Structures are given as C-alpha cells and as structure tokens.
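Read the structure below first, then the notes.
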Amino acid sequence: MEWVDEFRKLGVRANADTPQDARVARNFGAQGIGLCRTEHMFFEGDRIDAVREMILADTIEERRAALAKIEPLQQSDFEGIFRAMDGLPVTIRTLDPPLHEFLPHGDEYIAALAKKLNMPFERVKARVDGLNESNPMLGFRGCRLGISYPEITEMQARAIFKATVAVQQDGVKVHPEVMIPLVGTQTELKLQEEIVRRVASEVQQETGVQFAYLVGTMIELPRAAVVANKIAEVAEFFSFGTNDLTQTTLGMEPRRCWCVFAQLCRT
C-alpha cells in the first residue's frame, strides 16, 4: 500500500475499543481510530456490576456514586489508547446502546444480580422489564441517554479529558474527538456538546493544562441527514453510520438481506 501513498486522498482509521485493539490497529498501519465504542469497555472484568448499579439507581446521587466507580476505569483505558495512537486522532463515541443490553434477562439471573447489589428482586425485575426494547434500533439509546442522564456524558467526557491531560504531560501527542451518537436535530447535539465543552473547561482549570479536542456527531438517521446543514453549525466533524441509515431507511438488516438487495439491483 506504500506504493499509493503519493497519490491517495483518503486515510484509513480502525475501530478499536481497548488499548490492545489500538496497538494492533497501529501495527497494521491504521492512521487513527475512527470509532472507539465506550460501552465495550464496560464488559471488562467486574465493571459491568458498577454499570448495572448505575442503571438501577433511583436517584441522581446513587447514579453519580456508581459512575464514580466507572470513571477511573474508562480513564485508564483512554490513556492506553492515546498512548498507542500517539500523534494520531482518536474518535470516541459516548454511550450508545439501550440500557437493557447491560442487564441480565431471566428470573434466575435477575435474582442473582439483586442479591449481589443487595436490592429487592421485584425492584430489579421491574427495572429490567421497563427498559426492555422491542426494537433497540429505534429506542432509548444514543444521545437520548445523555440528554436524560447528563451525568453519564459528564463522566465519560471527564474520563476522556483527564486521560488527555495525563498522557499529554508524558509527552504523548493527543488528538481526541468526542462523537455524540444518534442525533436527529441540532438541539440534541447542542445539549450534549455544551456538557462536553463545560467538562473540558473544568478539567483544564483544575489541572492547568490546555489541550485541543473536537466535538462532532455520527449521522446515522435519515432525519439527521436531512438537517445535516443545521447540525453542522454545531458539529466540528461528521462520521457516518451507514448501517443504521440503511436499516432505518429501508427497514432491512443489510447483513441478512443481501439476496433482497441483489434482486433489487437486477430489477
């Protein structure tokens, strides 16, 4: 591929969710990370317990207490990714999947979680049932989570920027890009962007370290594509979720419908 470097216009980034993924991507020639899915970090070790505690919290105080357990873990992962990608951009997506994906299903597993967290079985089961999505592609996910629970976005932004400061002080060149998922209007992005910028300013004031960063979004809904010119007034970059755009436009799961697409192309 070095033969085409003189002529090519495109760069190639990788998907990477852990420091190990980032190291492998760089060894294979990736020119940055185009998508770091922060929710994948939640499944390492016992982290899922703190995530479930956060989801089951009844008050903002309980939720913040659980998030405080998650923040240093995410910061550590971000530091590892930034070090592996020294000098290259890293696009980090805030929490995207619906919350029910982090909870157990089936009474036996729900009972085990209730016992582990010292909560009544009925409370945990009611929460699991209440969060269940019949179509997770269209449900309570993406920026809707951060808008409803801004403390989640605050935690993730703080972990990103504290990691930025930590590795930058060690001489690592960091280019973090915070991506807000599933926006459909300018207002949705603006609400989340304001949180990210406020937290960045707080971290800079607390540490006395200045750093550069970008805030953008993923265009993955037809609605977002239609009003992209308005969203662009807030976003500093766009990423495109073409799988979601395909599914929500045609109502198909492309991985399972190649025969249908082939027939459409022939006709």
Side-chain angles (χ1 to χ4, degrees), residues 1 4 8-18 21-22 24-26 28-42 81 85 88-101 133-147 153 156 175-193 196 214-267:
M1 293 300 293
V4 302
R8 66 183 173 89
K9 303 295 185 182
L10 297 176
V12 179
R13 299 192 191 184
N15 284 8
D17 309 318
T18 67
D21 289 346
V24 170
R26 180 141 198 176
F28 276 102
Q31 296 168 291
I33 294 176
L35 177 60
C36 174
R37 296 160 289 195
T38 55
E39 61 272 5
H40 285 195
M41 300 174 178
F42 292 165
I81 290 171
M85 286 289 138
L88 297 176
V90 178
T91 303
I92 301 170
R93 184 179 69 188
T94 55
L95 185 62
D96 182 45
L99 296 179
H100 82 271
E101 291 189 5
E133 299 275 3
S134 58
N135 185 344
M137 293 301 300
L138 304 175
F140 183 44
R141 54 171 286 227
C143 65
R144 301 157 193 168
L145 296 172
I147 292 171
T153 303
Q156 294 197 296
H175 302 286
E177 302 174 353
V178 183
M179 183 168 70
I180 308 301
L182 209 75
V183 303
T185 69
Q186 184 194 75
T187 301
E188 287 178 322
L189 176 58
K190 191 166 182 60
L191 288 170
Q192 291 290 278
E193 181 243 6
V196 173
L214 299 177
V215 182
T217 189
M218 181 177 281
I219 302 298
E220 51 192 322
L221 297 176
R223 168 66 179 175
V226 170
V227 297
N229 61 323
K230 295 297 183 183
I231 294 174
E233 294 175 1
V234 179
E236 293 178 303
F237 68 90
F238 278 173
S239 177
F240 293 89
T242 51
N243 61 325
D244 282 11
L245 277 169
T246 301
Q247 291 173 80
T248 51
T249 299
L250 298 178
M252 294 181 179
E253 167 53 78
R255 290 172 294 180
R256 300 172 186 168
C257 296
W258 290 119
C259 60
V260 177
F261 283 121
Q263 182 64 32
L264 289 171
C265 289
R266 283 196 294 269
T267 56

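Quantities reported herein were computed from a predicted structural model and do not represent experimental measurements.
- Shown here for P89 and Q31, the closest heavy-atom pair between the two residues is CD-O, 3.6 Å.
- If you check the side chains of T94 and Q156, you find no donor sitting under 3.5 Å from an acceptor.
- Put simply, OG1 on T153 and CD1 on I180 are 6.0 Å apart, with the number rounded to the nearest 0.5 Å.
- Two residues are said to be in side-chain contact when any heavy atoms from C-beta on lie closer than 4.5 Å; P222 and L245 meet this criterion.
- Rounding to the nearest 0.5 Å gives a distance of 10.0 Å between CD1 of I33 and CZ of R26.
- Considering every non-hydrogen atom in both S239 and M179, the closest pair reads CB-SD, 3.4 Å.
- The nearest pair of heavy atoms linking G142 to L182 is CA-CB, 4.0 Å.
- Summarising the geometry of M85 relative to A25, their closest heavy-atom pair is CE-CB, 4.3 Å, with the distance given to 0.1 Å.
- Judged by distance alone, with hydrogens and angles left aside, the side-chain atoms of T91 form no donor-acceptor pair with the main-chain N or O of L35 at under 3.5 Å.
- For E39, the salt bridge (charged side-chain N to carboxylate O under 4.0 Å, His left out) partners are R93, not counting sequence neighbours.
- A salt bridge does not link R223 to E188: none of the charged side-chain nitrogens sits closer than 4.0 Å to a carboxylate oxygen.
- In this structure, M218 CE and F240 CZ are separated by 10.0 Å, a value rounded to the nearest 0.5 Å.
- Side-chain contact between V227 and T185 is absent, with no heavy atoms from C-beta onward closer than 4.5 Å.
- The CZ atom of R37 sits 10.0 Å away from atom OG1 of T18, with the distance rounded to the nearest 0.5 Å.
- Of all heavy-atom pairs spanning V183 and L221, the tightest one is O-CD1, 3.8 Å.
- Separation of atoms CG (D96) and CZ (R144) is listed at 9.5 Å; rounding is to 0.5 Å.
- Here the side chains of H175 and L88 are not in contact, with every heavy-atom distance at 4.5 Å or above.
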For residues 230-238, run the donor-acceptor check on the side chains, cut-off 3.5 Å, and write out each pair with its distance to 0.1 Å, sequence neighbours left out.
from	atom 1	to	atom 2	distance (Å)
E233	OE1	Q186	NE2	2.9
E236	OE1	R197	NH2	3.0
E236	OE1	V215	N	2.8

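- You'll find the side chain of I81 reaches within 4.5 Å of the side chain of M41, heavy atoms only.
- With sequence neighbours left out, the salt bridge (charged side-chain N to carboxylate O under 4.0 Å, His left out) criterion links D244 to R141.
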